[in-house]
Participant: 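Below: one structure in structure tokens.
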Amino acid sequence: MTAPATQTGTAELLRAPAADVLETTELGRFVRHQGTAHGRHFADYRALHQWSITKPAEFWDAVREFFDVRFTGRPQGVLADRGMPGARWYPGAKLNYAEHALRGAGADDDAPALIAYSQTRDRVDLTWGELRDRVARARAGLQRLGVGRGDRVVAYLPNIPETIVAFLATASLGAVWASCAPEFGARSVVDRFAQIEPTVLLAVPGYGYGDKDIDRRATVDEIRAGLPTLRAVVSVPYGPHTLDDTVGWDDLLATPPADADPGIVQVPFDHPLYVLFSSGTTGRPKAIVHGHGGILLEHLKNHALSWDLGPGDRMLWFTTTAWMMWNALVSGLLVGACPILIDGNPLHPDLDFQWRIAEETRATLMGASPGFLMACRRAGLNPGRDHDLSALRQIGAAGSPLPPEGYRWVHEQFGDRVLLNVGSGGTDVCSGIVQGGPWQPVRAGEISGPALAVAAAAYDEHGTVIVGDLGELVITVPMPSMPVGFWGDTDGSRYRAAYFDTYPGVWRHGDWARFDADGSCIIAGRSDATLNRGGVRLGTAEFYRVVEEIPEVADSIVVHLEDPNGGNGELLLFVLPAEGADLEAGLRDRIVRELRGALSPRHVPDAITAVPSIPRNRTGKKLELPVKRILLGAAVADVVGPDTLADPASLDVFVALAAERRPA
């Protein structure tokens, strides 16, 4: 029986760490090993975290040792330079991410390595033996196409096994990977891929999305035309269509490696592994370069010590290949876990679809967007009762803030047996910055605290740490997965400007956060979208917690247009009414009452407007800053790429409103 929730600390305590946490989890194995092998003992998570940020070289080398990370070449220390930017990890060491992924923590050839669900074809299962064989064949095929160390291989592919095979083959050669989801249009893809001058493109001719057949042949032709450096295009068969004048996937994999094949190429610790692209909602997408060693260490730490994944576990997290969660999903292989892939409409044929997959595959970790969890709550779903989810140990949530009601719903469904691990991080570090874990409590509406080895804090405008109030989210100690740099940024000026110009030597992440004395925190939205009324700053997430708990509101977005003369400016709220609700039938007055009572009179909007949809990007984040810039007169093309939008028409109403506001 689940113990009743109690009120302690800053928020309602829903789940305390289990009494046997150090005997039953991967984190416990790590902590016990530190005690027996090195005489390091930790009373609680806060003591463990403090060690990880005060002695980062010691902590990360403990991670390397515990997970048997194998180097060739003798490293000249762990952290040669702690300066940011410019921290240097394991200089002189060589390794390869793909080697460790294919090792799979010693997984047997016959064990399941990948399980893939698709709305284009039947389910596909690969064993570890099949995965290793296909990666070796794909590596040989890429070598025949002339791909070598440092070359760029790009993919216009969905979340299917072939994509993972191609990525690992690319990485094993020391070549550099980048991917875009096939729902992106040609312009968005070329804006990203052209920056890194690829030599090989892998693409599908189309895909299924729910009950729709999407033909992408013309788009692939446009992408090819926009990438003059391509030497070859590989067509991955998917759906009823075919691509002309390409190398077939079966042909790429037709020949096993020759006896003279050098196998997996060892590269320096910071050698580029892949390029991730920023969302493009504030300008041209940044080409963020991540290295082999940094991603390997970070994902081993994160997946095992926070997500509690190990050999034989199964990791289900809906993502597309354009989001860093795809890279994190693939890294389940590092700890011997089996990634479960979903391609298509994640809500087709209904909201229960992903819960059914979790039951069928015996998922031990299920990732979900906060929007999905809240939609399940509103729809009255009862996955904890209606499905056998007895294998499930964690539900991860990321992408946007989860309201307290979402925390309570998950706890009502699963009790203390399942840990709700809410986190926030991003493409920039390809991991979590703040999140939960087995040794941390879960409180309604709050993230449990900084991840291990992440020295996260909130700064005021003077660069002083603040507790209990909102400030800029910063990281004060280097992490191995901080980017190697931006592609083409030869002098590092764009990289420094992105993260280090505000607080020299300190990483500014761009989020607005509040840390409490116990280490728990909230992420209140992007700092450049903060609401600042009369000197009182409020994160947009706090605003949404009030508005979207009103049953008649399906979704909302709020922006603050500052007054250049120092006045209050305009606070504008746009709501998507729930089905059957009418803003003019008392809903507007209720929104005003709720905001006045929960926040303050100064945070009552100057205008509340009903809109047909709320602009979000493809990972579910609300696009406050693009809406704000459009209302201030910017052209849509200057603030956001159309293919970054989940609904391309969602900005139309704001363009029309901007035209109405513009002086004649």
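All of these numbers come straight from a predicted model, not from anything done at the bench.
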Participant: Under the 3.5 angstrom rule, does the side chain of S306 hit a backbone N or O of G437 as a donor-acceptor pair?
Facilitator: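 Looks like no, no N/O pair under 3.5 Å.
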Participant: Students often mix this up, so state it plainly: with edges at 30° and 60°, are the rings of W60 and W89 parallel, tilted or perpendicular?
Facilitator: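 Perpendicular.
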Participant: Strictly distance-based, threshold 3.5 Å: is any side-chain N or O of D352 a donor or acceptor partner for the main-chain N or O of W355?
Facilitator: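 Side chain of D352 to backbone of W355, a donor-acceptor pair under 3.5 Å: no, none is there.
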Participant: Of D313, T25, N421, T364, which meets side chain to side chain donor-acceptor pair (under 3.5 Å) against R393?
Facilitator: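 Filter result, single survivor: D313.
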Participant: Using the test ring pair (Phe, Tyr, Trp, His ring centres under 6.0 Å), find all partners of H271 that sit at least two apart in sequence or belong to another chain.
Facilitator: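 For H271 the ring pair (Phe, Tyr, Trp, His ring centres under 6.0 Å) partners, ignoring immediate neighbours, are H292.
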Participant: Measuring only between side-chain heavy atoms, which start at C-beta, is T72 closer than 4.5 Å to L95?
Facilitator: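 Result no, sub-4.5 Å side-chain heavy-atom pair not found.
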Participant: Minimum heavy-atom separation for A140 to P257, with atom names?
Facilitator: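 Looks like CB-CA, 4.0 Å.
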Participant: Between Y90 and D270, is any side-chain donor less than 3.5 angstrom from a side-chain acceptor?
Facilitator: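 On atom types as modelled, these side chains do not qualify, holding no pair under 3.5 Å.
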Participant: Can E130 and R137 be counted as an ion pair, charged N to O under 4.0 angstrom?
Facilitator: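 Salt bridge flag = no for R137 with E130.
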Participant: OH/Y156 to CG/L227 distance, rounded to the nearest 0.5 angstrom?
Facilitator: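 The CG atom of L227 is 12.0 Å from OH of Y156, to the nearest 0.5 Å.
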Participant: Any donor-acceptor pair under 3.5 Å linking the side chain of K301 with the backbone of L452?
Facilitator: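 At least one qualifying donor-acceptor pair exists.
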Participant: Are Y274 and F167 close enough, and set up right, to give a ring-ring contact (aromatic ring centres under 6.0 Å, His included), and what steps lead you there?
Facilitator: CA-CA 9 Å; Y274 43 63; F167 159 57; 5.7 Å; yes
Participant: What heavy-atom pair brings C180 and R192 nearest, and what distance separates the two atoms?
Facilitator: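 The answer is SG-CD, 3.6 Å.
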Participant: Would you say E222's side chain and V190's backbone share a donor-acceptor pair under 3.5 angstrom?
Facilitator: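 Flag not set: sc E222 to bb V190 has no pair under 3.5 Å.
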Participant: Quick check: do T242 and S235 have side-chain heavy atoms less than 4.5 Å from each other?
Facilitator: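 A side-chain contact under 4.5 Å is absent here.
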Participant: Run the side-chain contact (heavy atoms from CB on, under 4.5 Å) check on V69 and H100 step by step: do they pass?
Facilitator: CA-CA 8 Å; V69 172; H100 292 79; 3.9 Å; yes
Participant: So does S390 get a backbone contact from the side chain of D388, meaning a donor-acceptor N/O pair under 3.5 Å?
Facilitator: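 Checking the backbone N and O of S390 against the side chain of D388, a donor-acceptor pair under 3.5 Å is found.
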Participant: Check the pair Q266 / E99 against side-chain contact (heavy atoms from CB on, under 4.5 Å), numbers first and verdict last.
Facilitator: CA-CA 9 Å; Q266 301 296 301; E99 177 182 2; 3.1 Å; yes
Participant: Of S331, C430, S481, which is the lone residue that meets side-chain contact (heavy atoms from CB on, under 4.5 Å) with E298?
Facilitator: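 The passing option is S481.
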Participant: Classify the angle between the aromatic ring planes of W507 and Y495 as parallel (below 30°), tilted (30 to 60°) or perpendicular (above 60°).
Facilitator: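 Ring orientation of W507 relative to Y495: perpendicular.
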Participant: Using the salt bridge (Lys or Arg N to Asp or Glu O under 4.0 Å) rule, take K286 and D489 through it: C-alpha gap first, then chi angles, then the decisive distance, then the call.
Facilitator: CA-CA 10 Å; K286 299 190 291 287; D489 182 26; over 6 Å; no
Participant: For G310, is there any backbone N or O sitting under 3.5 Å from a side-chain donor or acceptor partner on H303?
Facilitator: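 Side chain of H303 to backbone of G310: no pair is present.
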Participant: Could you check E65 against R70 for salt bridge (Lys or Arg N to Asp or Glu O under 4.0 Å), going step by step and ending with a plain yes or no?
Facilitator: CA-CA 9 Å; E65 175 207 47; R70 299 173 186 175; over 6 Å; no
Participant: How long is the gap from CH2 on W323 to OG on S369, to the nearest 0.5 Å?
Facilitator: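 The OG atom of S369 is 7.0 Å from CH2 of W323, to the nearest 0.5 Å.
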Participant: For E360, is there an ion pair with R123 - N to carboxylate O distance below 4.0 angstrom?
Facilitator: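 Salt bridge flag = yes for E360 with R123.
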Participant: Looking at every non-hydrogen atom in both residues, tell me the closest pair between T229 and P198 and how far apart they are.
Facilitator: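 Of all heavy-atom pairs spanning T229 and P198, the closest is OG1-O, 2.5 Å.
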Participant: Are any non-hydrogen side-chain atoms of I288 and H290 less than 4.5 angstrom apart?
Facilitator: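 I288 reaches H290 side chain to side chain.
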Participant: Would you say D151's side chain and G148's backbone share a donor-acceptor pair under 3.5 angstrom?
Facilitator: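 Yes; judged by distance alone, with no hydrogens or angles, the pair exists.
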Participant: Show, in sequence, the C-alpha distance, side-chain angles and deciding distance for D647 and R616, and conclude whether the salt bridge (Lys or Arg N to Asp or Glu O under 4.0 Å) test is met.
Facilitator: CA-CA 7 Å; D647 175 7; R616 292 178 179 268; over 6 Å; no
Participant: According to the interplanar angle, ranging from 0 to 90°, do the rings of W317 and W307 count as parallel (below 30°), tilted (30 to 60°) or perpendicular (above 60°)?
Facilitator: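 The arrangement is tilted - the two ring planes meet at 30° to 60°.
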Participant: Side chains of L201 and V234: does their closest heavy-atom pair fall under 4.5 Å?
Facilitator: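 They are not in contact (no side-chain heavy atoms under 4.5 Å apart), so the answer is no.
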Participant: Between F67 and L296, is a side-chain contact (heavy atoms from CB on, under 4.5 Å) present by the stated rule, with each step listed?
Facilitator: CA-CA 10 Å; F67 292 105; L296 174 61; over 6 Å; no
Participant: So which heavy atom on G336 is nearest to which on A105, and how close?
Facilitator: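 Closest approach of G336 to A105, heavy atoms only: N-CB, 3.8 Å.
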Participant: Take atom CZ of R362 as the centre, draw a 6.0 Å sphere, and report whether it contains more than 12 heavy atoms from other residues, nucleotides or ligands.
Facilitator: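 Result for CZ/R362: enclosed.
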Participant: I'd like to know if R217 pairs up with D244 as an ion pair, taking the criterion as any Lys NZ or Arg NE/NH1/NH2 lying under 4.0 Å from an Asp or Glu carboxylate oxygen.
Facilitator: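 A salt bridge is absent here (no side-chain N lies under 4.0 Å from a carboxylate O).
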Participant: Answer whether the closest heavy-atom distance between the side chains of R224 and T246 falls below 4.5 Å.
Facilitator: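 A side-chain contact exists here, since the closest heavy-atom pair is under 4.5 Å.
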Participant: Taking everything shown except D491 itself, do over 12 heavy atoms lie less than 6.0 Å from its CG?
Facilitator: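 More than 12 heavy atoms, drawn from other residues, nucleotides or ligands, come within 6.0 Å of this atom.
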Participant: Using 4.0 Å as the upper bound for N to carboxylate O, is an ion pair formed by R356 and E359?
Facilitator: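 Salt bridge: no.
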Participant: Evaluate N302 against Q435 for side-chain hydrogen bond (donor to acceptor under 3.5 Å, both in side chains), listing each step before the verdict.
Facilitator: CA-CA 10 Å; N302 178 80; Q435 60 183 341; 2.7 Å; yes
Participant: Sub-3.5 Å donor-acceptor pair from the side chain of E26 to the main-chain atoms of D308, do we have one?
Facilitator: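 No; judged by distance alone, with no hydrogens or angles, the pair does not exist.
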Participant: Could you state the interatomic distance from CD1 (I340) to OG1 (T361), rounded to the nearest 0.5 Å?
Facilitator: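 With rounding to 0.5 Å, CD1 (I340) is 3.0 Å from OG1 (T361).
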Participant: Go through V330 and Y97 one step at a time and tell me if the side-chain contact (heavy atoms from CB on, under 4.5 Å) criterion holds.
Facilitator: CA-CA 11 Å; V330 175; Y97 169 98; 4.0 Å; yes
Participant: Out of curiosity, L253 CG to D133 CG, how far, rounded to the nearest 0.5 Å?
Facilitator: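 The CG atom of D133 is 8.0 Å from CG of L253, to the nearest 0.5 Å.
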Participant: Rounded at 0.5 Å granularity, tell me how far CG in D428 sits from CG in L276.
Facilitator: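 So the gap between those two atoms works out to 9.5 Å.
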Participant: Answer yes or no: is there a side-chain heavy-atom contact under 4.5 Å between D213 and H241?
Facilitator: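 They are in side-chain contact.
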Participant: Taking T321's backbone N and O only, do any of them form a donor-acceptor pair with S179's side chain (distance below 3.5 Å, no angle check)?
Facilitator: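 Judged by distance alone, yes, a pair lies under 3.5 Å.
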Participant: Decide yes or no for F372 and P346: does some side-chain heavy atom of the first lie under 4.5 Å from some side-chain heavy atom of the second?
Facilitator: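 Of all side-chain heavy-atom pairs linking P346 with F372, none is under 4.5 Å.
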Participant: Regarding N327 and H299, is there a side-chain donor-to-acceptor distance under 3.5 Å anywhere?
Facilitator: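 There is no such pair (donor and acceptor under 3.5 Å, judged by atom type) between the side chains of N327 and H299.
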Participant: Enter the distance from L316:CG to L392:CG here, rounded to the nearest 0.5 Å.
Facilitator: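 One finds 9.0 Å between CG of L316 and CG of L392.
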Participant: Side chains of Q354 and Y117: is there a donor and an acceptor less than 3.5 Å apart?
Facilitator: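 Their side chains do not contain a donor-acceptor pair, so the 3.5 Å distance test is not met.
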Participant: Does the side chain of W326 come under 3.5 Å of the side chain of N159 through a donor N or O and an acceptor N or O?
Facilitator: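 Yes.
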Participant: Could you pull out the closest heavy-atom pair between A101 and W128, with the gap in Å?
Facilitator: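 Heavy atoms only, the tightest pair is O-CZ3, 3.3 Å.
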Participant: Over all heavy atoms of both residues, which pair between P182 and R216 is shortest? Give the atoms and the distance, please.
Facilitator: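 Where P182 meets R216 most closely, the heavy atoms are O-NE, 2.7 Å.
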Participant: Do side-chain atoms of R149 reach the backbone of V176 as a donor and acceptor pair under 3.5 angstrom?
Facilitator: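 No.
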Participant: Would you please say whether a donor-acceptor pair under 3.5 Å links the side chains of Y238 and D343?
Facilitator: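 Result is yes, a qualifying pair exists.
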